[in-house]
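Working notes, beginning with the structure itself.
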Amino acid sequence: MSGLTEGHVSAENISDRSFVQATLNYLVDASEKPVIYTYEPPPGIPKTTGKFESRSVLIRNARLGEELSLDRQGFQLVRQETAVRDFYDRAEVEKVYYPEVEILLKEATGAEKVVVFDHQVRNIELSKQGERNAREYVRTVHNDYTAKSGPRRVRDHLLAAEAEERLRHRFAEINVWRPIRGPIESTPLAVCDAQSIAPKDFVPADFVYRDKVGEVYRFTYDARHRWSYFPRLERNEVILLKCYDSKEDGRARFTAHSAFDDPTSPADAAPRESIEVRALVFWPAGQ
């Protein structure tokens, strides 16, 4: 691609670029259901199964494109200041940030109830050192829930009677993705327009915990996938990513995403630090 170079690039040029050309890792062989362990499995069992291939794709600068929405593309950018001082402090995140996320999602979606149930911090350096519960970046194209595991989350986090009532009406699972420190200079998040993903591209995969087996989607490659990213995200910028919607009326339901190596990142770019919060979002009856 002309105009794309590696090495040192000014922040202004990165923000003004209309796209980058980068590689994403797709599942190739879907003959057997892939398996992902969330912990170190017994000896002789691979932590992840499935054959993957790297595909070169165009990833557009979402700051320069059309207005985005959760119901059309499946993702959007919002801004929100936070009172959190240390995102690696789980107690502070649960006490301070969870209520902030609840307010943010209610305002963004019009939902009547939000249940924040989980979060994860990502920092490659801390992950290598086994510190502060940080994890590595996920470098395969995936979505956090499937048509099967989406409703299961409601039963996991609500009392039985309320869960069954809520499952009769529209609900969603939305990830709230924020830089811990900005601007993000390396390994940003790529997100795929949900309207560009065909049913044939979805591949369910078992997500194995110590006490249960969940399910996520992997994806096979299709040249029609439309990828975007938000360059140089700041701490007060938040990506809302719809990973499940119970409504089957043509709106976005699942949104593929992946970390990627940005060819415009400077050689001395700081490792990406980010937090993703997972939440159930419930609407009143009739919506």
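In summary, of the residues considered (Ile59, Ile184, Asn61, Thr264), a side-chain contact (heavy atoms from CB on, under 4.5 Å) with Pro231 occurs for Asn61 alone. For the ring-ring contact (aromatic ring centres under 6.0 Å, His included) test with His119, the passing option among Tyr97, Phe87, Tyr98 is Tyr98; the others fail. For the side-chain contact (heavy atoms from CB on, under 4.5 Å) test with Tyr217, the passing option among Asn143, Asp144, Ile197 is Asn143; the others fail.
Remark: side-chain polar atoms of Ser265 are paired, donor with acceptor, to backbone N or O of Glu185 under 3.5 angstrom. Side-chain atoms of Glu100 come within 3.5 Å of backbone N or O of Ala83 as a donor-acceptor pair. Side chain of Ser196 to main chain of Arg226: a donor-acceptor pair is present (N/O by atom type, distance under 3.5 Å, no hydrogens or angles). At least one donor-acceptor pair closer than 3.5 Å links the side chain of Thr38 to the backbone N or O of Val208. Between the side chain of Thr255 and the backbone N or O of Lys242 there is at least one donor-acceptor pair closer than 3.5 Å. Of the possible polar contacts, one joining the Glu92 side chain to the Asp86 backbone as a donor-acceptor pair under 3.5 Å is found. Judged purely by atom type and a 3.5 angstrom limit, Arg72 uses its side chain to pair as donor or acceptor with the backbone of Glu67.
Think of Tyr137 as one node in a network of Ile, Leu, Val, Met, Phe, Trp and Tyr side chains linked at under 4.5 Å; its network also takes in Ile124. Grouped by direct or indirect side-chain proximity (heavy atoms under 4.5 Å, Ile/Leu/Val/Met/Phe/Trp/Tyr only), Leu159 sits alone. Applying the 4.5 Å side-chain rule to ILVMFWY residues, one finds Phe52, Val203 in the same cluster as Leu27.
Take Lys106 and apply the side-chain contact (heavy atoms from CB on, under 4.5 Å) test, not counting sequence neighbours, and it matches Glu102, Val114. In this structure, Arg210 has no side chain to side chain donor-acceptor pair (under 3.5 Å) partners at least two apart in sequence or on a different chain. Residues that satisfy the ring pair (Phe, Tyr, Trp, His ring centres under 6.0 Å) test with Phe207, not counting sequence neighbours, are Tyr209. Partners of Arg79 according to the side-chain contact (heavy atoms from CB on, under 4.5 Å) rule, which considers only residues two or more places apart in sequence or in another chain, are Arg63, Leu77, Glu237. Partners of Ser246 by side chain to side chain donor-acceptor pair (under 3.5 Å), not counting sequence neighbours: none found. Considering only residues two or more places apart in sequence or on other chains, Asp222 meets the side-chain contact (heavy atoms from CB on, under 4.5 Å) condition with Lys200, Asp201, Arg224, His225. Residues that satisfy the side-chain contact (heavy atoms from CB on, under 4.5 Å) test with Arg253, not counting sequence neighbours, are Tyr244, Asp245, Glu248.
Within a 6.0 Å radius of CD in Glu32, no more than 12 heavy atoms belonging to other residues, nucleotides or ligands are found.
Using modelled atom types, one finds a donor on one side chain and an acceptor on the other under 3.5 Å when comparing Arg218 with Thr140.
Both Leu70 and Val238 are members of a single hydrophobic cluster when ILVMFWY side chains are connected at heavy-atom separations under 4.5 Å. Val116 and Val154 end up in different hydrophobic clusters when Ile, Leu, Val, Met, Phe, Trp and Tyr side chains are linked at under 4.5 Å. Cluster membership check: Trp177 does not share its hydrophobic cluster with Val141, using side-chain heavy-atom separations under 4.5 Å among Ile, Leu, Val, Met, Phe, Trp and Tyr. Hydrophobic cluster membership is shared by Leu241 and Leu233, with clusters built from Ile, Leu, Val, Met, Phe, Trp and Tyr side chains linked at under 4.5 angstrom. Linking ILVMFWY side-chain heavy atoms closer than 4.5 Å, directly or via other members, places Val138 and Val28 in two distinct hydrophobic clusters.
Residues Arg132 and Asp89 share a closest heavy-atom pair of NH2-N, 3.8 Å. Across Arg153 and Lys212, no two heavy atoms sit closer than the pair NH1-NZ, 4.2 Å. Here the closest heavy-atom approach between residue Ala22 and residue Phe260 is recorded as CB-CD1, 3.6 Å. Closest of all the heavy-atom pairs between Ser258 and Arg139 is OG-C, 3.5 Å.
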*Working for side-chain hydrogen bond (donor to acceptor under 3.5 Å, both in side chains), residues Asp71 and Ser69*: CA-CA 5 Å; Asp71 282 346; Ser69 85; over 6 Å; no
*side-chain hydrogen bond (donor to acceptor under 3.5 Å, both in side chains) between Gln73 and Asp193, worked out*: CA-CA 5 Å; Gln73 294 84 5; Asp193 186 335; 4.7 Å; no
*Residue pair Gln21, Ser56: steps toward the side-chain contact (heavy atoms from CB on, under 4.5 Å) verdict*: CA-CA 7 Å; Gln21 192 86 23; Ser56 180; 3.0 Å; yes
*Please lay out, stage by stage, how Tyr88 and Glu131 fare under the test side-chain hydrogen bond (donor to acceptor under 3.5 Å, both in side chains).*
CA-CA 10 Å; Tyr88 296 105; Glu131 296 180 0; over 6 Å; no
*Criterion salt bridge (Lys or Arg N to Asp or Glu O under 4.0 Å) on Glu276 and Arg135, from CA distance to verdict*: CA-CA 11 Å; Glu276 62 222 43; Arg135 292 186 184 175; over 6 Å; no
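For residues 44-54, every residue pair satisfying the salt bridge (Lys or Arg N to Asp or Glu O under 4.0 Å) rule, not counting sequence neighbours, is listed here: Glu53-Arg55. Within the structure, no pair that satisfies the salt bridge (Lys or Arg N to Asp or Glu O under 4.0 Å) test touches residues 35-46, not counting sequence neighbours.
The CD1 atom of Ile36 sits 7.0 Å away from the OG1 atom of Thr49 when rounded to the nearest 0.5 Å.
The closest side-chain heavy-atom distance from His142 to Val216 is not below 4.5 Å. Side-chain contact between Glu173 and Tyr145 is present, with at least one heavy-atom pair separated by less than 4.5 Å.
A salt bridge between Lys33 and Glu215 is present, with a side-chain N of the basic residue lying under 4.0 Å from a carboxylate O of the acidic one.
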